[in-house]
Engineer: 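Handing you a structure now.
Note that ligands are numbered from 1 as they come in the structure, with each ligand's atoms numbered from 1 the same way. All of these numbers come straight from a predicted model, not from anything done at the bench.
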Amino acid sequence: MTLDAARVRLVCLDLDGTLMHGVAGAPFEGAAAAVRAVKSSGRAVRFVTNATSRPHRALFETLRDAGLADAPDDVWNPVSTARSLLPARGHDRGLLLVDEASREDFAWFADDPAGPAVVVATEAHDRTIADLQPAFRRLLDGAVLYTLQRNRYYRKDGALWTDLGPLAAFLRYAADVDAVETLGKPSAALFDRIAAVAGVPRPSILMVGDDVEFDVRGSLALGMQAALVRTGKYRPGDETRRDPAPTAVLDSISSLPAALGLPESSP
Ligand SMILES: [Mg+2]
């Protein structure tokens, strides 16, 4: 596949592994210049992460201080979808598995052991099976299962760690739940909201990320273009590990302007 640069009006950039290590660090070399070059071409840029370890406010502050984001609405995480979708369904109360650091993103969600929803919002590696028993029993009683995302793993401190996907799969299997709704990448609800707020159609979005499954394949399935970066959790062979192939493969985020046919931006 070849990147159709003329079709791209909005570029969505993953954070962890694409723009920086983790979601709290300094941007990779060349990242800020790449973002400036894309913006200078008249395209909008949004930062779209599945990270659950930091609240939206902190993500925005990090990106603002790095000169990348201009406004809180430039930054999207799975809570952005949850906050609009769950209350509309009457699912704004229930059992929430969340890290204390990100609790502030869920001020709208009421802790209620008998509520209609179970929401998985925590990275799984430090949870024990004992921690999951109340959620399992609540699902048996008919609660609806949501997960902020279902990524399989992420990279931290040089090692790969299991992410929310395995935790949600554990609950789904144990309680024999048919479906689990995903609220982050690559859910249509998230990208439809981003597209609507930006005023562009979904096919005009280019997603750029290091996760060949959730950044690339998921975005392609939504009719978007998707570029894979060879940084972060990328492993050699990822570009052919999943069908369909990425629209483009970039050595790093600093290759993005050239892939869009843009001149180099000053550093
Ligand atoms: Mg990533």
Engineer: Examine the side chains of Thr147 and Arg172 and answer whether a donor and an acceptor come within less than 3.5 Å of each other.
Structural biologist: no

Engineer: Exactly one of Leu95, Val98, Leu86 should register a side-chain contact (heavy atoms from CB on, under 4.5 Å) with Val119. Which one does?
Structural biologist: Leu86

Engineer: How is the N/O/S atom of Asp210 that comes nearest to the Mg ion (ligand 1) named?
Structural biologist: OD1

Engineer: What N, O or S atom of Asp14 is found closest to the Mg ion (ligand 1)?
Structural biologist: OD2

Engineer: At their closest point, which heavy atom of Asp251 faces which heavy atom of Thr231, and how far apart are they?
Structural biologist: O-CG2, 3.6 Å

Engineer: Would you say the side chains of Asp163 and Gln149 form a donor-acceptor pair under 3.5 Å?
Structural biologist: yes

Engineer: Of all N, O or S atoms in Asp16, which has the smallest distance to the Mg ion (ligand 1)?
Structural biologist: O

